[in-house]
Amino acid sequence: MRPAPAPAPGRTTRALAVALVAAAVLGGCALLPDPPPPVPTGVVPSSAPEPSASVGESRLSPDGFDAAQRMAVRIRNVGCGTLSTGSGFAIDEHTLVTNRHVVADSAALELSTYDGRDVGAEAASTADLADLAIVRTVDALPSAPVLADADPVVGDAVTVVGYPLGRQLTVTDGQVVGQVTDPLNANLGQVLVTDAPVEPGSSGSAALDAEGRVIGVVYAKNADDLSFLVPVSTLRSMLEDGTAFGPAPTCG
């Protein structure tokens with residue numbers, strides 16, 4: 001990410017471990033029930049709210065992933081002598097949204113979906129106004145969410161779905177704690193501030209409301225572990241503006 005504010009290590013929930021500890025305490029010397037089935041290896045357990053059927057498809061796929069997880073995409077930016085990772089999310093079958101700094105200065109972009117499937121990247125475009133980018137894909141993306149009609153307000157729940165550090169698909173949650181003038185792009189105006197944990201590699205993650213709708217795009221955090229979102233109102237207006245995005249800069 002950028003130097004200030006920059007992504008820094010965050011936290012993920014440990015629901016399964018907590019449940020097991022609670023069972024041991026409450027069970028005393030009694031026989032414990034059979035253990036639950038194993039958690040899918042690509043998912044970090046979380047107490048984040050699950051998206052509802054408003055995302056336009058069934059809540060869970062046969063492999064146990066929900067719609068929010070299926071639309072997340074891991075991005076590897078292979079530059080000229082560099083390698084960085086980020087996150088993105090589908091907005092239709094062949095288009096994903098991420099951050100400008102995730103895809104800029106690349107020689108190649110490598111994309112993969114929640115189930116480890118590689119997806120070919122066709123072209124990337126970046127915006128000047130906000131830290132946003134869109135990537136067109138050759139292969140179809142598994143799932144796309146609904147964009148919320150309005151920005152959230154202070155106190156609203158936020159769920160972030162992405163690939164911190166380029167590793168496991170991770171779901172973290174928090175809430176909107178305020179709005180500030182964008183510290184990285186002053187001409188953008190107001191951005192959302194949340195306490196949802198993010199890390200390097202979370203850049204470009206979708207931030208969802210309690211209904212599973214996109215309410216913003218993660219792009220940075222500060223030293224106080226507060227994360228910053230480009231609000232969905234900005235994302236919507238830029239997607240509707242045919243001049244908002246231009247070819248992404250490459251490293252060569």
Side-chain angles (χ1 to χ4, degrees), residues 12-13 43-44 46-61 64-75 86-99 102 113-114 127 130-135 137 140-164 169-179 188-198 202-220 226-241 244:
T12 57
T13 55
V43 179
V44 176
S46 171
S47 60
E50 294 178 348
S52 72
S54 64
V55 290
E57 54 187 303
S58 61
R59 185 170 60 86
L60 292 178
S61 63
F65 290 84
D66 67 24
Q69 295 162 336
R70 296 199 303 278
M71 59 84 173
V73 177
R74 180 191 285 113
I75 302 173
S87 302
F89 61 95
I91 55 171
D92 63 39
E93 194 174 36
H94 289 280
T95 308
L96 65 90
V97 169
T98 184
N99 290 149
V102 168
T113 58
Y114 74 98
D131 195 347
L132 290 174
I134 54 176
V135 180
T137 67
L141 298 165
S143 175
V146 170
L147 300 184
D149 293 329
D151 296 338
V153 298
V154 173
D156 283 356
V158 174
T159 299
V160 173
V161 186
Y163 294 89
L169 176 60
T170 302
V171 180
T172 62
D173 64 318
Q175 63 180 6
V176 177
V177 297
Q179 289 186 332
L188 174 59
Q190 295 290 296
V191 296
L192 302 172
V193 184
T194 87
D195 59 5
V198 299
S202 296
S203 291
S205 297
L208 310 174
D209 64 12
E211 301 298 323
R213 300 169 299 196
V214 175
I215 50 86
V217 184
V218 175
Y219 73 98
L226 296 176
S227 49
F228 294 81
L229 313 178
V230 177
V232 68
S233 58
T234 300
L235 174 61
R236 275 187 173 278
S237 64
M238 297 186 71
L239 290 174
E240 293 167 0
D241 181 355

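Numbering of residues begins at 1 and proceeds along the displayed sequence.
- Remark: of the listed residues Val191, Val198, Val217, Thr194, Val191 is the sole one forming a side-chain contact (heavy atoms from CB on, under 4.5 Å) with Phe228.
- Looking only at distances, a side-chain donor or acceptor of Asn99 sits under 3.5 Å from a matching main-chain atom of Gly204.
- Val161 and Ala72 make their closest contact through CG1-CB, 4.0 Å (heavy atoms, listed as atom of the first residue, atom of the second, distance).
- The two residues Leu208 and Ile215 make their nearest non-hydrogen contact at C-CG1, 3.9 Å.
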What verdict does the side chain to side chain contact (heavy atoms under 4.5 Å, CB included) test give for Val153 and Val176, after you've listed the backbone C-alpha separation in whole Å, the side-chain angles of each residue and the deciding distance to 0.1 Å? CA-CA 7 Å; Val153 298; Val176 177; over 6 Å; no
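- Under the side chain to side chain contact (heavy atoms under 4.5 Å, CB included) criterion, Ser233 pairs with Asp151, Pro231, sequence neighbours left out.
- Atom OG1 in Thr159 sits 11.5 Å away from atom CD in Gln175 (nearest 0.5 Å).
- Looking at residues two or more places apart in sequence or on another chain, you find a side chain to side chain contact (heavy atoms under 4.5 Å, CB included) between Gln179 and Gln190, Leu192.
- For the pair Val232 and Val214, the tightest heavy-atom approach, listed with the atom from each and the gap, is CG2-O, 3.4 Å.
- Closest heavy-atom contact between Val160 and Ser205: CG1-CB, 3.7 Å.
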Walk me through it: do Leu239 and Ile134 pass the test side chain to side chain contact (heavy atoms under 4.5 Å, CB included)? CA-CA 9 Å; Leu239 290 174; Ile134 54 176; 3.9 Å; yes
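- Nearest approach of Gly212 to Pro145, heavy atoms of both residues: O-CB, 4.3 Å.
- The side chain to side chain contact (heavy atoms under 4.5 Å, CB included) check on Ala140 picks up Glu93, His94, with sequence neighbours excluded.
- Between the Thr170 side chain and the Pro164 main chain, no donor and acceptor come within less than 3.5 Å of each other.
- The closest donor-acceptor contact from the side chain of Arg236 to the backbone of Ala150 lies at 3.5 Å or more, if one exists at all.
- With sequence neighbours excluded, the residues that form a side chain to side chain donor-acceptor pair (under 3.5 Å) with Thr113 are Asp115.
- Here the closest non-hydrogen pair linking Ala244 and Met238 is CB-O, 3.5 Å.
- For the pair Ser202 (side chain) and Gly162 (backbone), a donor-acceptor distance under 3.5 Å is absent.
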For Leu229 and Tyr219, what are the C-alpha separation, side-chain angles and deciding distance, and is it a side chain to side chain contact (heavy atoms under 4.5 Å, CB included)? CA-CA 6 Å; Leu229 313 178; Tyr219 73 98; 5.6 Å; no
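- Residues satisfying the side chain to side chain contact (heavy atoms under 4.5 Å, CB included) test with Thr98, not counting sequence neighbours, are Ile75, Leu96, Val102, Val103, Ala133, Val135.
- Under the rule for a side chain to side chain donor-acceptor pair (under 3.5 Å), Asp156 has no partner lying at least two apart in sequence or in another chain.
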